Amino acid sequence: MTARGRVTLGVLIDSLGPDVVQPLALPHGRRPLAGAPVIYDPEGPMSGLDGAVLLVTGRPSAETVARAGESGVAAVVVKPAAGDLDVLAAAAQAAGTALLAAPPELSWGQLYTLVDALLAVVAPAGDPGGARAGDLFALANEVAIRVGGAVAIEDVAMRVLAYSTVEGQRIDELRREGILGRRVPEHPTNAEEYAAVMRADGAIWSYEPREYYPRLAIAVRARGEALGTIWAVQAEEPLAADAAAVLAEAAAAAAPHLARINLAADEARRRRDECLGWLLRGMGAVDELATSFGLAADEPLTVVSLGPADGSADAFASSHAADLLRTTYLAYRIRAATGVVDGRAHAVVAAEACTPLLRRITADTLVQVGERLGGGWRAGIGRTAPSAAALQASARQAGEALRALCGPFADEPVGTHEELSAALFLTDLEVALRSKGTLRGEPLALIAAHDARHGTRFVHSLSAWVGAHYDVPRAAELLSVHPNTLRYRLRRISDIVPLDDTDTRLVLALQLRLNGAAKPAPS
């Protein structure tokens with residue numbers, strides 16, 4: 001049924017389900033093997049695609065399909081609006097490559113993620129044989145038929161490993177998002193609901209979140225260790241009377257598969273993260289490490305570091321963020337090594353730091369991470385290293401850029417080390433002065449003391465003036481006063497501290513900025 005890193009077209013079609021792909025042409029039936037998904041621009045070159053699942057954007061022609069067959073593509077996926085499907089199907093039949101149709105509302109990135117996730121679970125590279133993880137999809141379908149509701153199988157990190165595709169069974173938006181994102185969407189009720197399932201000896205009902213269908217769930221265990229969960233959705237029709245017993249059977253059947261998947265995934269992840277750490281620190285045979293990740297040792301490389309704005313990421317969150325980075329970069333055919341080093345998600349990318357596409361897709365990934373894990377995430381990008389041997393500097397800079405983005409002096413979710421130089425300076429200065437009391441000392445303290453004694457608002461006026469780059473009319477507009485009123489206040493402030501002195505102005509500006517009172521005014 002599977003080979004190294006590949007599945008048959010039949011498994012691909014059945015596992016994704018009719019809501020995701022519909023076969024339009026299967027010239028060699030369902031038995032050919034299909035491998036990695038690739039998002040393809042019809043105007044681009046067609047090379048290195050043997051066995052690929054080609055997701056063709058735009059309006060592909062019959063010639064594109066023919067070229068795909070010549071290049072050994074296993075399946076071409078198009079959308080109904082892409083052109084004359086009958087013509088494309090005839091071209092696929094003649095070229096000997098399968099043609100599948102995806103619904104218009106499904107984004108190419110989501111479809112890529114689904115195929116990539118399917119391969120990761122059903123056909124892991126280096127699978128030694130024996131019982132296949134792909135049986136989880138068959139198990140999910142079998143259970144769904146017996147209980148009368150859609151089924152999902154998850155690991156302990158709430159990652160969706162397999163799901164049923166029984167025609168006619170309804171699912172809600174929560175399950176749909178979980179399938180598309182490979183992980184259950186973040187919700188305040190998740191922790192308690194999953195804890196309750198893990199504590200129970202058998203199947204129990206879950207009614208949270210209330211806006212979605214109720215679910216019957218059971219924990220999957222082996223020798224007392226929790227390995228995951230199985231969930232059956234009850235839509236309009238009640239589940240079968242023996243649904244709890246069916247889930248108990250399914251949990252026993254799924255246990256060896258989940259144990260094997262968890263063990264293999266944990267070991268592979270640990271090894272990958274360890275090697276990535278060596279690469280980022282410049283330890284060991286750096287050139288060989290880069291090559292093992294599919295990177296050329298002598299090509300320009302850039303480090304990207306991800307983390308939540310509050311710095312509270314746990315191991316599961318960082319690991320999921322790294323997986324999303326990998327999937328997104330691969331979807332755009334950008335080579336990258338991703339993993340978790342020192343508790344933070346990192347990527348070594350074969351692209352220049354200033355590449356607009358790198359910035360855009362990294363920002364898109366942050367949105368996905370935030371939606372699935374909660375919190376505001378940031379991504380710091382180091383300066384591009386000329387080779388793998390120089391990556392240590394780029395890694396340090398990416399970490400510094402991330403630190404600046406998580407501080408009070410940067411507003412964007414993504415930033416490069418170069419463009420964050422001012423924010424880094426202010427961040428370091430604020431840290432250095434925080435414990436010394438000078439942030440709120442003189443000369444700013446003298447003006448604040450005058451405000452406290454006389455009820456004036458000179459600090460506020462001064463802050464607006466500094467934030468407007470010393471432009472009196474602009475600052476007066478922000479303060480909703482006449483410019484002459486502001487000029488009068490500045491003269492009064494000059495009686496307290498020497499505003500004409502360059503150093504005094506500089507120190508006041510720094511004190512106000514470091515205290516958060518003098519952000520640059522919007523243009």
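All values derive from a computational prediction rather than experimental measurement. Residue indices begin at 1 and follow the sequence shown.
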Decide yes or no for [X] and [Y]: does some side-chain heavy atom of the first lie under 4.5 Å from some side-chain heavy atom of the second?
| X | Y | result |
| --- | --- | --- |
| V286 | L391 | no |
| T427 | R403 | yes |
| L424 | F409 | no |
| V349 | V304 | yes |
| P80 | P104 | yes |
| V77 | L54 | no |
| E154 | R159 | no |
| P185 | E177 | yes |

For a quick test of reading the model, state the closest non-hydrogen atom pair linking [X] to [Y] and the distance between them.
| X | Y | value |
| --- | --- | --- |
| L88 | P60 | CD2-O, 3.7 Å |
| L306 | A321 | CD2-CB, 4.2 Å |
| G339 | D273 | CA-OD1, 3.3 Å |
| A309 | C406 | O-CB, 3.5 Å |
| L114 | Y163 | CD2-OH, 4.1 Å |
| T229 | Y194 | OG1-CE2, 4.0 Å |

Measuring from [X]:[atom1] to [Y]:[atom2], what's the distance to the nearest 0.5 Å?
| X | Y | atom1 | atom2 | value |
| --- | --- | --- | --- | --- |
| L510 | L444 | CG | CG | 11.0 Å |
| Q397 | L420 | CD | CG | 11.5 Å |
| I334 | L357 | CD1 | CG | 4.5 Å |
| I171 | R176 | CD1 | CZ | 4.5 Å |
| E400 | S421 | CD | OG | 11.5 Å |
| Q511 | N515 | CD | CG | 7.0 Å |

Hey, is [atom1] on [X] packed in by over 12 heavy atoms from elsewhere, all under 6.0 Å?
| X | atom1 | answer |
| --- | --- | --- |
| E274 | CD | yes |
| E63 | CD | no |
| E288 | CD | no |
| F425 | CZ | no |

Begin with the C-alpha distance, continue with both residues' side-chain angles, and end with the deciding distance and a verdict on side chain to side chain contact (heavy atoms under 4.5 Å, CB included) for L100 and Q22. CA-CA 5 Å; L100 310 177; Q22 293 278 358; over 6 Å; no
Test log, rule side chain to side chain contact (heavy atoms under 4.5 Å, CB included), inputs L279 and V348: CA-CA 9 Å; L279 184 62; V348 178; 4.3 Å; yes
Can H460 and L479 be said to form a side chain to side chain contact (heavy atoms under 4.5 Å, CB included), step by step? CA-CA 9 Å; H460 180 62; L479 292 168; 3.4 Å; yes
Any chance you could lay out the salt bridge (charged side-chain N to carboxylate O under 4.0 Å, His left out) test for D19 and R175, step after step, and finish with the verdict? CA-CA 13 Å; D19 291 336; R175 174 56 59 210; over 6 Å; no
Can a cation-pi geometry be assigned to R335 and F293, taking NZ or CZ under 6.0 Å from the six-membered ring centre and within 45° of the ring axis?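 Checked: cation-pi criterion not met.
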Cationic N near anionic O, under 4.0 Å, [X] to [Y]:
| X | Y | answer |
| --- | --- | --- |
| R67 | E70 | no |
| R378 | D411 | no |
| R359 | D364 | no |

Does any N or O in the side chain of [X] come within less than 3.5 Å of the main-chain N or O of [Y], such that one atom is a donor and the other an acceptor?
| X | Y | value |
| --- | --- | --- |
| T416 | E419 | yes |
| K79 | T57 | no |
| S394 | V303 | yes |
| D14 | L9 | no |
| R344 | S318 | no |
| S15 | L12 | no |
| T302 | A351 | yes |
| T384 | A353 | yes |

Pair T362, T365: side-chain N/O donor-acceptor within cut-off below 3.5 Å: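 Side-chain D/A pair, T362 to T365: absent.
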Between R281 and V341, is a side chain to side chain contact (heavy atoms under 4.5 Å, CB included) present by the stated rule, with each step listed? CA-CA 10 Å; R281 297 183 183 104; V341 179; 3.6 Å; yes
